[in-house]
Amino acid sequence: MGFFITFEGIEGCGKSTQLRLAAERLTAAGHGVVVTREPGGCPIADAIRAILLDAGNSAMVPMTELLLYGAARAQHVAEVVEPALTAGKVVLCDRFTDSTLAYQGYGRNLDRELIARLNTLAAGSIRPDLTIILDCPVEVGLARAMARISAASTAREERFEQESLLFHERIRDGFLSLAAAEPRRFVVLDGSRGIEETEVRVTEAIMSRLPTSPARR
Ligand code: TMP
């Protein structure tokens, strides 16, 4: 089996930038790397992503939202994550099951036991070997996320950015609680630092846990 690394955090925490940099480093070190994200990562899950993040879908109830994240994950795991891990790759995934616990559990107040069961239903035995949380104040993250959305020429994926500060505070606290409960899997880093400084810490976290021989290309 390969090695499964997930990147988590609130909107605008810098995880996507750090994931890209980590992928470059790992590739340069000779590892076979697969970069992916949730919701999405394959055509069917990307179609579900468009429904989930469309700001026009403000009528979506929390249970529909939860089940759509689960549906997207089931497809993505079966089509992308599991085959890549079986092929011995290092898989870097932008968000995974912890986002569902943080957003739909801590954020939307859906039952966390139920979410944990749904996560297992969708992901089967696939669990991250390492989860990096980039933690930053909600104001910092949302300011970055809104700047990115205004600059984007593609579909406006802003349904979550439009939620209240309190909602995002609950999600941030949720991620930190998840990390505290499983300290061996999680590494929490300060996402409000500069890109280069954070990159050093992310690289350290990955390299100290990755099995020594490069994964197959
Ligand atoms: P992204 O903007 O980081 O690509 O994430 C998409 C949005 O989806 C983000 O607002 C977090 C949210 N999300 C959930 O609410 N639950 C989930 O399970 C996942 C994977 C993402």
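Bear in mind the structure is a predicted one, so any value in this text is a computation, not a measurement.
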Using a 4.5 Å cut-off on heavy atoms from C-beta on, say whether the side chain of Glu82 contacts that of Met1. no
In terms of heavy-atom contacts, Pro211 and Phe3 come closest through CD-CD1, 3.5 Å
Nearest 0.5 Å, what's the OG1-CD1 distance between Thr6 and Ile126? 12.5 Å
Should His168 and Leu165 count as side-chain neighbours, where that means a heavy-atom distance under 4.5 Å? no
Could you tell me whether the side chain of Asp94 reaches within less than 4.5 Å of the side chain of Lys15, counting heavy atoms only? yes
What pair of heavy atoms forms the shortest contact from Glu65 to Gln104, and how long is it? OE2-NE2, 2.5 Å
Do the side chains of Ile171 and Val140 join up, straight or via other hydrophobic residues, at under 4.5 Å, putting them in one cluster? no
Is the closest side-chain heavy-atom distance between Arg37 and Leu19 below 4.5 Å? no
Under the side-chain hydrogen bond (donor to acceptor under 3.5 Å, both in side chains) rule, collect the residues that match up with Ser192, sequence neighbours excluded. Asp190
Pair Thr36-His76, side-chain contact (heavy atoms from CB on, under 4.5 Å): steps then yes or no: CA-CA 9 Å; Thr36 190; His76 177 235; 2.7 Å; yes
Rounded at 0.5 Å granularity, tell me how far CD1 in Ile115 sits from OH in Tyr106. 9.5 Å
Would you check, one step at a time, whether the test side-chain contact (heavy atoms from CB on, under 4.5 Å) holds for Leu66 with Leu114? CA-CA 10 Å; Leu66 172 65; Leu114 170 75; 4.1 Å; yes
Less than 4.0 Å between a side-chain N and a carboxylate O, is that true for Glu163 and Arg108? yes
Between Cys13 and Glu8 the two heavy atoms that sit nearest each other are SG-O, 4.2 Å
Residues 198-207 side chain polar contacts: donor-acceptor under 3.5 Å, at least two apart:
| residue | atom | partner | partner atom | Å |
| --- | --- | --- | --- | --- |
| Thr198 | OG1 | Gly194 | O | 2.9 |
| Glu199 | OE2 | Arg25 | NE | 3.0 |
| Thr203 | OG1 | Arg25 | NE | 3.4 |
| Thr203 | OG1 | Glu199 | O | 2.7 |

Looking at Ile51, is its backbone amide N or carbonyl O close enough to the side chain of Asn57 to form a donor-acceptor pair, meaning the two atoms are under 3.5 Å apart? yes
What's the verdict on side-chain contact (heavy atoms from CB on, under 4.5 Å) for Thr17 and Arg20, showing C-alpha distance, side-chain angles and the deciding distance? CA-CA 5 Å; Thr17 303; Arg20 184 175 44 76; 3.8 Å; yes
With a 4.5 Å cut-off on side-chain heavy atoms, are Thr120 and Arg127 touching? yes
Testing the basics here: between Val34 and Ala84, what is the closest heavy-atom pair and its distance to 0.1 Å? CG2-CB, 3.9 Å
Set of side-chain hydrogen bond (donor to acceptor under 3.5 Å, both in side chains) partners for Glu182, sequence neighbours left out: Arg185
Looking only at heavy atoms, which two atoms of Ala72 and Pro39 are closest? And how far apart? CB-CB, 4.4 Å
Let me confirm one number: the CZ-CD1 distance from Arg144 to Ile10, rounded to the nearest 0.5 Å. 9.0 Å
Rounded to the nearest 0.5 angstrom, the CG-OG distance for Leu130 and Ser208 is 8.0 Å
Arg95-Tyr103 side chain donor-acceptor pair, cut-off 3.5 Å: yes
CG-OG1 distance between Leu178 and Thr131, expressed to the nearest 0.5 angstrom: 9.5 Å
Between Thr97 and Ala123, which heavy-atom pair has the shortest distance, and what is it? CG2-CB, 4.5 Å
Value for CG (Leu118) from CG (Leu110), rounded to nearest 0.5 Å, stands at 10.5 Å
Residues passing the side-chain hydrogen bond (donor to acceptor under 3.5 Å, both in side chains) test with Asn119, sequence neighbours excluded, are Arg73
Gln75 and Ile48: CA distance, side-chain angles, deciding distance, side-chain contact (heavy atoms from CB on, under 4.5 Å) verdict: CA-CA 10 Å; Gln75 188 68 31; Ile48 299 173; 5.8 Å; no
For Phe4, ring-ring contact (aromatic ring centres under 6.0 Å, His included) partners two or more places apart: Phe96
Is the closest side-chain heavy-atom distance between Pro137 and Arg172 below 4.5 Å? yes
State, yes or no, whether a side-chain contact exists between Met60 and Leu68 at a heavy-atom distance under 4.5 Å. yes
Taking side chain as C-beta onward, heavy atoms only, is Glu38 less than 4.5 Å from Val80? no
State plainly whether one hydrophobic cluster holds both Leu92 and Leu21, where clusters connect Ile, Leu, Val, Met, Phe, Trp and Tyr through side-chain heavy atoms under 4.5 angstrom apart. no
Phe7: partners by ring-ring contact (aromatic ring centres under 6.0 Å, His included), with sequence neighbours left out: none
